[in-house]
Amino acid sequence: MNPIAKRSSRRRTMVASGFVLLVLGGFVLRLVDIQVVHAAEHVEDAGSKMTTAETLWGNRGSIVDEHGVVLASSTMTYDVNIDPTLAKDLKITDADGTKHVRTWDEQASAIAEVLGMTPDSIKKIVADKQATEPESQWAQLTRGVTTAQYQALRNLEIPALDYDAVPARAYPNGAVAGNLIGFESSDGEALAGIERWQNDCLESKNGSVKYQFGADSGVRIPGSEKLTPAQDGGKVQLTIDSDLQWYMEQMIAEETQNQKAVTGTVTVVDVKTGAIRAAAQYPAMDPNDVLATDPAHRGSAVFGTTFEPGSTFKAITAASLLEEGVANPMTTVTAGDFERFANGAALGDSHSHPVQTYTLAGALIDSSNVALSHLGELLPDVKRWEWLKKFGITGGPVVGFPGEENGFMRPPSEWDPQTHYTTTFGQGFTATVPQVVSAYQTIANDGVRVPLSLVESCTAPDGTVTTPEKRDSERVISEKTAADMQLMLENVAFQSSVADQIRVPGYSIAAKTGTAQKTDSNGGYKAGVYFTSIVGFAPAEDPQYVVMITLDEPKRVTSSAATAPALQKAMTHVLQSYRIVPGRSEPETVLPMLK
């Protein structure tokens, strides 16, 4: 080989060797990048392709009554899915070796029987999916089946079926306190009532478990688990007595229908503690089937309704006169059944009577608007306005329940000649059931207002108990004024036109009716349409419970007498249920109505 050829050969060898070294260097650099520089990323990427996660569901907290009876709890429902590609005849070999075919028709019939569907509907869902998405391995048959249905489907051993567990709420007492308990959306969002109000206590947090599995076997790799524990919600205890609530719901449903009213409510409050033991209504809602109830009746009528309280607030006018020292139970005024006052206002009573001299107690007993108007003038408008506010009108929500309304009252500077008088007998302003009940609780509790309450406590999963913040109790009127008011209201119950209808054998009760006109869209009053109510407490000599009844637009009896049978039934049941010892059956002092 000549020298030139040798040099060319060596040059080619060196170039080839350099190229090989360059390629090897590239591989080395890439290997370092993979195994050192970005090793963690590649491990994570590889692991993610063989990693899965399962949700660990946290249990939403329960809602219980004052005795621990469960009113709402967490449960598990299941969405049932099917793989259309597996919806076909199955070749089965029994344990004894016998072979047979289980047809798709037989499988569809078995599934339908458990789900309460028809076989044709099952097959249609599958056929539609096969027609529109031939490669799809998923179609939903139904949602929210029970654990019993889920287990029955599992026992069918149909490989085409698949299940998704979904947490849900169960309300074992149905409509009992349903309008108070509230409900959730299908996605688990708290939408109303206690569910929404106490969500911070009840809410749970889901956890998860992540793990790796073998690429070939699909088996979980031991030691690869990464656990994030679920956190359960707390337990909310209410002041409600579910047995009492159940009775009141049955009773008010019957009375509302008897009187052909639009709605009815009954509220029971413990005088000494302010605890609400029942807040029932009709129509009512079963939170297990929210859509079955008209949206207008899914909230709480007790907390969400405002109305002119009418004659029930004559007691507040009387209390303010006594507390200001301008009148006593025997103070008199002369009044007819209709009068036109000097300022141009014209007022009348609900019943005919001659001009007569009423005592203050008598004006309450006979529920005379005209007499109360004369007596109310013993205090200037500003003073009466201040007393209405002291007794809770426009004082804001009493309990804080979601959607709770507030009463409305214009300042005295805006009162017209008619309002100057109507505010003495409960018209010209609005209130809510809790506001009226709170005013009577104050009178029954010797002049001390104890804030009403619906939630007793929240117990966290670790056992820590917290109680809601409450306003401080406060004295509104003196013990002397409260005692005089208790006696006058006891005489109202004993001597009024509904005395026989509300009498509870063995007990003396104190009570006052109210009949208020309803406003129309023009700001006037509807003709012949009323919001009626009655509120009372018992035993009159040592008040323990306040009970209030309302009926909106009763048509059988349009006056407040429509509410009398309901009060009698409610008060009788309350006194018997709480084993209140019978006492006197009539007032120690029977006050004269007229002088």
Would you check if P451 and V398 make a side-chain contact, meaning some heavy-atom pair closer than 4.5 Å?
no
For Y163, which of V145, V80, N81 qualifies under side-chain contact (heavy atoms from CB on, under 4.5 Å)?
V80
Would you say S533 and T550 are linked by a side-chain donor-acceptor pair, where the criterion is simply a distance under 3.5 Å?
no
Should N199 and R60 be marked as a side-chain hydrogen bond (donor to acceptor under 3.5 Å, both in side chains) after you check the CA-CA gap, both sets of side-chain angles, and the distance that decides it?
CA-CA 9 Å; N199 190 57; R60 184 171 174 81; 2.8 Å; yes
Ignoring hydrogens and angles, tell me if any N or O in the side chain of N206 forms a donor-acceptor pair with the backbone of A230 under 3.5 Å.
no
Exercise: identify the closest heavy-atom pair between R102 and I92
CB-CD1, 3.6 Å
Tell me whether E113 at atom CD has more than 12 heavy atoms from other residues, nucleotides or ligands lying less than 6.0 Å away.
no
Kindly indicate, with the supporting measurements, whether the criterion salt bridge (Lys or Arg N to Asp or Glu O under 4.0 Å) is fulfilled by D446 and R475.
CA-CA 9 Å; D446 299 332; R475 177 164 293 284; over 6 Å; no
With sequence neighbours excluded, tell me which residues meet salt bridge (Lys or Arg N to Asp or Glu O under 4.0 Å) with R449.
E474
Does one side chain, of D542 or Q544, offer a donor that lies under 3.5 Å from an acceptor on the other?
yes
Contacts of A570 that satisfy side-chain contact (heavy atoms from CB on, under 4.5 Å) - sequence neighbours left out
M248, M251, V266, V547, I549
Any non-hydrogen side-chain atom of L575 less than 4.5 Å from a side-chain atom of P539?
yes
Should we say atom NZ of K272 is surrounded by more than 12 heavy atoms from elsewhere, each under 6.0 Å from it?
yes
When L567 is tested against each of V535, I502, T513 for side-chain contact (heavy atoms from CB on, under 4.5 Å), which residue passes?
I502
Can you run down the salt bridge (Lys or Arg N to Asp or Glu O under 4.0 Å) pairs that involve residues 255-264, sequence neighbours left out, and say none if there aren't any?
E255-K569
Taking atom types as modelled, find out whether D105 and T103 have a side-chain donor-acceptor pair closer than 3.5 angstrom.
no
Which pair of heavy atoms, one from P119 and one from A112, lies closest together, and at what distance?
N-CB, 3.5 Å
Report yes or no: do T98 and D96 form a side-chain donor-acceptor pair below 3.5 Å?
yes
Minimal non-hydrogen separation, V581 against Y507, with atom names
O-CE2, 3.7 Å
Between T572 and Q568, does any side-chain donor sit less than 3.5 Å from a side-chain acceptor?
yes
Any L291 side-chain heavy atom under 4.5 Å of R298 side chain:
yes
The reported gap from CG in D65 to CG in L244 (rounded to nearest 0.5 angstrom) is 10.5 Å
What is the distance from atom OH of Y78 to atom CE of M76, rounded to the nearest 0.5 Å?
6.0 Å
Here the salt bridge (Lys or Arg N to Asp or Glu O under 4.0 Å) pairs for residues 132-143, sequence neighbours left out, are D79-R143, K129-E133
T563 versus S560, side-chain donor and acceptor atoms under 3.5 Å:
no
Any ion pair linking D232 and K205 (charged N to carboxylate O, less than 4.0 Å)?
no
T464-D462 side chain donor-acceptor pair, cut-off 3.5 Å
yes
Rounded to the nearest 0.5 Å, how far apart are CG of D241 and CD1 of I276?
13.5 Å
Are side-chain heavy atoms of T256 and T263 found at a separation under 4.5 Å?
no
To the nearest 0.5 angstrom, please state how far the CD atom of Q245 sits from the CG atom of L180.
5.5 Å
With rounding to the nearest 0.5 angstrom, report the CG to OG1 distance, N406 to T306.
9.5 Å
Around D472, counting heavy atoms of other residues, nucleotides and ligands shown, do more than 12 lie under 6.0 Å from its CG?
no
Look at the side chain of Q281 and the backbone N and O of A301, then say whether any donor-acceptor pair between them is shorter than 3.5 Å.
yes
With rounding to the nearest 0.5 Å, note down the distance linking CE in M548 to NZ in K512.
12.0 Å
Heavy atoms from other residues, nucleotides or ligands near CD of Q140 exceed 12 (cutoff 6.0 Å):
yes
How about CZ on R196, more than 12 heavy atoms from neighbouring residues, nucleotides or ligands closer than 6.0 Å, or not?
no
Should I194 and V455 count as side-chain neighbours, where that means a heavy-atom distance under 4.5 Å?
yes
Regarding S577 and H573, is there a side-chain donor-to-acceptor distance under 3.5 Å anywhere?
yes
Is the closest basic N to carboxylate O distance between K124 and D128 below 4.0 Å?
yes
Between Q107 and I158, the two heavy atoms sitting closest are OE1-CG2, 3.3 Å
Who pairs with S457 by side-chain contact (heavy atoms from CB on, under 4.5 Å), at least two apart in sequence or on another chain?
Q237, T459, V465, T467
Heavy-atom distance under 4.5 Å between the side chains of T239 and E66, does that happen here?
no
Indicate the atoms forming the closest heavy-atom contact of T267 with V433, along with that distance.
OG1-CG1, 3.4 Å
Residue that, paired with F307, satisfies ring-ring contact (aromatic ring centres under 6.0 Å, His included) out of F531, Y530, F429, F313
F531
Within 6.0 Å of NZ in K389, more than 12 heavy atoms from elsewhere
yes
Contacts of A72 that satisfy side-chain contact (heavy atoms from CB on, under 4.5 Å) - sequence neighbours left out:
I63, R169, Y171, I181, E195
For the residue pair Y440 and F537, does the interplanar ring angle fall in the parallel (under 30°), tilted (30 to 60°) or perpendicular (over 60°) class?
tilted
Does a donor on one side chain sit under 3.5 Å from an acceptor on the other, for Y578 and D270?
no
Return the minimal non-hydrogen interatomic distance between T432 and G407, and the atom names on each side.
CG2-N, 4.3 Å
